[in-house]
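Scope of the values below: all heavy atoms of this structure, side chains included, with no hydrogens, waters or symmetry mates.
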Amino acid sequence: SDTLTSLSFVPVNIADPDGPEMLVAATDSGNVLRIDVSGQTATATVIGDYGQHQGMDIISSGDIVYVKDFGIVATVDVGNGNDFLATINPATWAASVIRTGTAYDKIFGVAFWAGTIYGFVDGGPGAGSIIRLDRQTGAATLVASGGIRWYGAGVTTVAPTID
């Protein structure tokens with residue numbers, strides 16, 4: 001299938017982060033699309049692909065986020081099992097999987113604030129978690145859990161990168 005799983009605004013020209021932005025989405029087949037809206041019509045154009053990791057397709061598991069002076073990260077799946085954090089190359093949209101898995105599945109939201117990447121996990125009926133994701137290792141640390149099921153996250157593209 002080719003279902004949209006994630007959205008983020010990113011600069012049209014990554015070298016000009018203060019310039020115009022475009023809306024991008026990733027799919028559950030690994031495609032990255034630019035979404036243009038004119039009136040009430042939206043047009044999606046494939047602009048890249050997450051690629052492969054160790055011979056397996058990298059697909060979106062839930063979300064993508066861009067922040068100025070930080071870059072682009074996404075939660076991805078590689079085969080079956082838990083999600084991974086990946087950095088995204090905006091020139092090709094290829095994903096570089098960060099080696100350590102998160103030990104979480106269904107990280108349907110990812111956000112960034114003051115140097116920290118947060119993941120929002122759908123834990124099934126009546127359950128969900130907020131986790132902190134390490135950009136260097138990809139490992140996750142539980143921040144909170146409770147009865148809220150998460151299906152996304154949003155963040156400004158100019159979030160502070162340090163406290």
Do Asp36 and Thr43 have side-chain atoms, one donor and one acceptor, less than 3.5 Å apart? no
Using modelled atom types only, decide if a donor and an acceptor are shared between the side chain of Thr75 and the backbone of Ile107 within a distance under 3.5 Å. yes
Any donor-acceptor N/O pair, Arg34 side chain to Thr45 backbone, under 3.5 Å: no
For the student: nearest non-hydrogen atoms of Gly138 and Thr102, plus distance: O-CG2, 3.4 Å
Using the rule that Ile, Leu, Val, Met, Phe, Trp and Tyr join whenever any side-chain heavy atoms are under 4.5 Å apart, tell me whether Ile88 and Val78 fall into a single cluster. yes
Is Ile64 reachable from Val76 through a run of I, L, V, M, F, W or Y residues, each pair having side-chain heavy atoms under 4.5 Å apart? yes
Starting at CG of Asp122, measure out to CZ of Arg149 and round the result to the nearest 0.5 Å. 4.0 Å
Partner of Phe120 under ring pair (Phe, Tyr, Trp, His ring centres under 6.0 Å), chosen from Tyr104, Phe108, Trp150: Trp150
Would the distance check show the side chain of Ser96 and the main-chain N or O of Ala86 forming a donor-acceptor pair, the cut-off being under 3.5 Å? no
Mark yes or no: Arg135 above the aromatic ring of Phe70, with NZ or CZ under 6.0 Å from the six-membered ring centre and no more than 45 degrees from the axis. yes
Do Trp93 and Ile47 have side chains that get closer than 4.5 Å, going by heavy atoms? yes
Testing the basics here: between Pro11 and Asp16, what is the closest heavy-atom pair and its distance to 0.1 Å? CB-O, 3.9 Å
With a 4.5 Å heavy-atom cut-off, do Asp83 and Val121 have their side chains touching? no
What distance separates Ser8 OG from Met22 CE, expressed to the nearest 0.5 Å? 10.0 Å
Find out whether Asp134 and Ile117 are in side-chain contact, i.e. whether some heavy atom of one side chain is under 4.5 Å from a heavy atom of the other. no
Asp63 (side chain) donor-acceptor with Val110 (main chain) under 3.5 angstrom: yes
Test side chain to side chain donor-acceptor pair (under 3.5 Å) applied to Ser29 and Asp2, step by step: CA-CA 5 Å; Ser29 66; Asp2 213 20; 2.4 Å; yes
Would you check, one step at a time, whether the test side chain to side chain contact (heavy atoms under 4.5 Å, CB included) holds for Thr3 with Thr27? CA-CA 5 Å; Thr3 303; Thr27 71; over 6 Å; no
Among side-chain atoms of Thr5 and Ser60, is any donor-acceptor pair under 3.5 angstrom? yes
Approximate separation, where rounding is to 0.5 Å, of Asp18 CG and Glu21 CD: 9.5 Å
Looking only at heavy atoms, what is the nearest atom pair of Gln52 and Asp57, with distance? NE2-OD1, 2.9 Å
OG1/Thr92 to OH/Tyr50 distance, rounded to the nearest 0.5 angstrom? 11.5 Å
Could you tell me the separation between the CG atom of Leu4 and the CG atom of Asp28, rounded to the nearest 0.5 Å? 8.5 Å
Indicate, with yes or no, if Val24 and Val65 share a hydrophobic cluster defined by side-chain heavy-atom contacts under 4.5 Å among Ile, Leu, Val, Met, Phe, Trp and Tyr. no
Between Ile72 and Thr87, does a side chain to side chain contact (heavy atoms under 4.5 Å, CB included) hold up when you go through it step by step? CA-CA 6 Å; Ile72 305 170; Thr87 57; over 6 Å; no
Indicate, with yes or no, if Ile98 and Val67 share a hydrophobic cluster defined by side-chain heavy-atom contacts under 4.5 Å among Ile, Leu, Val, Met, Phe, Trp and Tyr. yes
Looking at Leu133 and Ala140, what are the two nearest heavy atoms and their distance? CD2-CB, 3.8 Å
Side-chain heavy atoms nearer than 4.5 Å, only ILVMFWY residues, links allowed to pass through others: does that put Leu33 and Val12 together? no
For side chain to side chain contact (heavy atoms under 4.5 Å, CB included), just list the numbers for Thr141 and Ile131, CA-CA rounded to whole Å, side-chain angles, deciding distance to a tenth of an Å, and then say yes or no. CA-CA 5 Å; Thr141 304; Ile131 56 177; over 6 Å; no
Go through it in stages, so that I can follow the logic: the residues are Val97 and Gln54, the test is side chain to side chain contact (heavy atoms under 4.5 Å, CB included), and I'd like the CA-CA distance, side-chain angles, deciding distance and then a yes or no. CA-CA 10 Å; Val97 174; Gln54 298 178 344; over 6 Å; no
For the NZ atom of Lys68 and the OG1 atom of Thr156, what is their distance to the nearest 0.5 Å? 10.5 Å
Main chain of Ser61, side chain of Asp77: is a donor-acceptor contact present, judged purely on distance under 3.5 Å? no
Got a donor-acceptor contact below 3.5 angstrom from the Thr157 side chain to the Tyr66 backbone? no
Do side-chain atoms of Asp49 reach the backbone of Gly51 as a donor and acceptor pair under 3.5 angstrom? yes
